[in-house]
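Everything quoted here is computed from the prediction, not taken from an experiment. Along the sequence shown, the residues carry numbers beginning at 1.
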Amino acid sequence: MNIDKKNLITIAIAVTAGLLAGWILFGSSSKKEETEQSSTIAAGHHHEGEETIWTCSMHPQIRQPEPGDCPICGMDLIPLEKEESSDDPREIRMSPAAMKLAEVQTQTVALRVPSKKLRLNGQVTVDERHVFSQVSHIEGRIEELTVNFTGQYVSKGSPLAYLYSPELVSAQEELLEAERSKEEQPQLYRAAVEKLKNRKLTDEQINDIIAAGRPQQQFPILADASGYVTQKLVNQGDYVKAGQPIYTIANLSDIWVMFEVYEKDLTWLKPGDMVVFTAASLPGKTFHGTISYIDPLIDAKTRVAKARVELPNPELALKPGMFVTGEAECSLPDQKERIVVPHTAVMWTGKRSVVYVKKTGDDFVRFAMREVLLGPDLGNSYIVKEGLMPGEEIAVNGTFSIDAAAQLSSKPSMMNSEGGKTESGHLHETMTTEEMEPMKSSNQTEVNTKSEIFEVPQQFKQQLTVFFNQYIKMKDAMVETDATKTASEAKKTLQALEKTDMSLPKGEAHILWMQNLDVMKKALQVISQSKEIEIQREAFVNLNPILYRKIKAFGLEGKTVYYQFCPMANDDKGAYWLSNEENIRNPYFGDMMLECGEVKDKMDF
């Protein structure tokens, strides 16, 4: 736990910088051409008598005085180039060709009113104001039920059940007696009529009793409202009391859609915001509504509040219980213009956030690292509170490659704000979660910006599929919150990873496979060696974006893979995982919030 966290980042940065150097020098040449070109470059770029150091583009910790093969991965060694001096020792210089190979892209900083698109998951529910309890207004025994299952539609005034009530029989007899003497005792007659009306009998029913001249033995209970029966609370033969509920009836002509809003997003959403949503069961249909109410309480278990959208539902297309997915366009309350930069422009270690500012000159492009103070996360971008001015140009893609080059050149970098030489050796046999923490942001950002597709031998796909199947077992154990089982499955997953033959992919495919492979292995080591589920889950965060990129690039055998995301995992920074099923089963929370998350990508192989 006392190991310097910076060592781990140094290794990852060194790997990427080595890769960048290899690309700049050699492109995608054949092995023979690489060797010949390396000799030429070494002769032309090193002074006479100066010793040439040979290194590996994937393992820059390798340093040898002669060319040859990397003892770790077998790739050809390349000459280690020294960067030419710069006017500003804090700047890193890149040629246009190097920027192209590293896929570096820049963007001019500008002011704009920040907005955020919130993805919301919700469920259709009954409008609580249109839910009615149908009670029995008289005491008696249910002789017949005319509505005997839930979901049945009833109209106001229609009979729901028939009761036999000794009390009602007596009240009818009193009415008939009072009717015969109503001329002499009109008050007695009116009292008898009111007694029956208090039992919800209509004037028509009372007149029918008088016309028949005898009491009715069974009397109907009439529906007080129209709607669908959502609860049936009695059975035939039950004895009920006056005022006892016998059905629950809901009118579905108007419904509510209750959206879940994560705690960190509550400041963005307000009543009146428009939400556009769809339901998976109604393909091709889009619905619109505005937020009418936001729950003032947050659920202590799920850490979400509910936002309500009220909608008319004349065709009953939206049914209670349906799941929906929506999107709301939100803005901050003050509506001020702010500096906004993409996620990919920012590198951070948890305490420090940095960007690379472009400075043009001669035939090269120069980048200088600058610390910034970040504001709210807009989903795909950040508000920058301090550190940048409108009109400046910054790198928005390939920042990890720039930082890696700066680190190897002893320039100020994400990990070392003062610059200077850092050590780049082998990773330790075990890696703590504290050591892995600083890599979370850079790994996820860099991995998600790539979309290479490579042809690899079928044997390699088979090996990768075996590894993925074992990964799923480990992930499912994490869903079950079973640390012992997770550790056991992680050990098998690591063994499956080590059995993949790194020599099968060739050229750029080999380079991609080797990228961050050590990080994957170390993450699996932490999971397999830990007995605490939270430590396992923290290590799991680092594994998935790397694995996603590799699977997307190389493919599997006959699999459908879902790349899923939970914004509340990883201390509300968000975290990914892969699954072989579309339904969300969250490995970071298990039963606590099993369905928290969404599908970000679907890959069919």
Side-chain angles (χ1 to χ4, degrees), residues 120-138 142 145-163 197-202 204-205 220-235 238 240-261 269-282 285-299 302 304-326 328:
L120 303 170
N121 295 317
Q123 189 172 6
V124 179
T125 66
V126 175
D127 186 334
E128 294 176 0
R129 299 166 298 187
H130 295 166
V131 179
F132 309 94
S133 286
Q134 177 66 54
V135 302
S136 174
H137 301 290
I138 55 178
I142 295 178
L145 288 175
T146 58
V147 176
N148 48 24
F149 60 87
T150 58
Q152 192 168 345
Y153 182 80
V154 298
S155 299
K156 183 177 181 179
S158 61
L160 304 177
Y162 289 90
L163 263 71
K197 284 188 175 182
N198 288 339
R199 270 74 175 172
K200 297 296 183 179
L201 270 68
T202 64
E204 183 180 357
Q205 288 174 318
I221 298 176
L222 304 181
D224 295 332
S226 298
Y228 290 87
V229 174
T230 57
Q231 281 185 300
K232 173 175 166 285
L233 304 173
V234 294
N235 294 308
D238 287 352
V240 297
K241 297 180 179 180
Q244 179 179 336
I246 58 176
Y247 296 101
T248 301
I249 298 173
N251 188 333
L252 303 182
S253 59
D254 293 290
I255 52 88
W256 287 351
V257 182
M258 304 298 289
F259 288 101
E260 294 182 341
V261 184
L269 205 63
K270 59 185 180 299
D273 284 344
M274 174 69 71
V275 180
V276 180
F277 66 93
T278 59
S281 53
L282 298 171
K285 287 192 174 182
T286 302
F287 302 88
H288 302 76
T290 57
I291 300 290
S292 61
Y293 180 78
I294 299 177
D295 198 327
L297 304 178
I298 293 176
D299 188 290
T302 62
V304 299
K306 295 295 181 69
R308 185 172 75 209
V309 172
E310 302 174 15
L311 285 177
N313 191 34
E315 298 179 359
L316 304 181
L318 294 170
K319 302 182 181 350
M322 278 184 175
F323 287 103
V324 299
T325 301

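- Closest approach of Ser136 and Val240 over heavy atoms only: OG-CG2, 3.7 Å.
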Q: Give the intermediate values and the outcome of side chain to side chain contact (heavy atoms under 4.5 Å, CB included) for residues Ile294 and Val261.
A: CA-CA 9 Å; Ile294 299 177; Val261 184; 5.7 Å; no
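- Looking only at side-chain heavy atoms (C-beta outward), Ile255 and Asp127 stay at 4.5 Å or farther from each other.
- In this structure, the side chain of Thr248 does not engage the main chain of Thr230 through any donor-acceptor pair within 3.5 Å.
- Judged by distance alone, the side chain of Ser155 and the main-chain N or O of Ser158 form no donor-acceptor pair under 3.5 Å.
- Closest approach of Ala161 to Leu145, counting heavy atoms only: CB-CD2, 3.6 Å.
- Atom OG of Ser226 and atom CG of Leu252 lie 12.0 Å apart (nearest 0.5 Å).
- The shortest heavy-atom contact between Val309 and Gly289 is CG1-CA, 3.7 Å.
- With hydrogens and angles ignored, the 3.5 Å screen pairs no side-chain donor or acceptor of Asp273 with any backbone N or O of Ile291.
- For the atom pair CG (Leu316) and OG (Ser253), the distance works out to 8.0 Å, reported to the nearest 0.5 Å.
- Across every non-hydrogen atom of Leu269 and Ala307, the tightest pair is CD2-CB, 3.9 Å.
- Of all the heavy atoms in Thr125 and Met258, the pair that sits closest is OG1-CG, 3.6 Å.
- For the side-chain contact (heavy atoms from CB on, under 4.5 Å) criterion with Gln134, the lone passing option out of Val154, Val147, Ile221 is Ile221.
- Rounding to the nearest 0.5 angstrom, the gap separating the CD1 atom in Ile142 from the OH atom in Tyr162 is 13.5 Å.
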Q: Dump the intermediate steps for side chain to side chain contact (heavy atoms under 4.5 Å, CB included) on Leu318 and Leu282, then the final yes or no.
A: CA-CA 9 Å; Leu318 294 170; Leu282 298 171; 4.0 Å; yes
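- Distance check: Gln244 CD to Asp238 CG gives 8.0 Å after rounding to the nearest 0.5 Å.
- Taking a 6.0 Å sphere around NZ of Lys270, one finds it holds more than 12 heavy atoms contributed by other residues, nucleotides or ligands.
- Across Ala250 and Val126, no two heavy atoms sit closer than the pair CB-CG1, 3.8 Å.
- Ring geometry for Phe259 versus Phe277: interplanar angle over 60°, hence perpendicular rather than tilted (30 to 60°).
- Atom OH of residue Tyr228 and atom OG1 of residue Thr150 lie 13.0 Å apart, to the nearest 0.5 angstrom.
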Q: Test side chain to side chain contact (heavy atoms under 4.5 Å, CB included) on Glu260 and Lys306 and set out the steps.
A: CA-CA 5 Å; Glu260 294 182 341; Lys306 295 295 181 69; 3.8 Å; yes
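- Within 6.0 Å of the NZ atom in Lys232, the count of heavy atoms belonging to other residues, nucleotides or ligands exceeds 12.
- We find the CG-CG distance between Leu160 and Leu222 to be 7.5 Å, quoted to the nearest 0.5 Å.
- Under 4.0 Å is where a charged nitrogen must lie from a carboxylate oxygen, and between Glu310 and Arg129 at least one such pair does.
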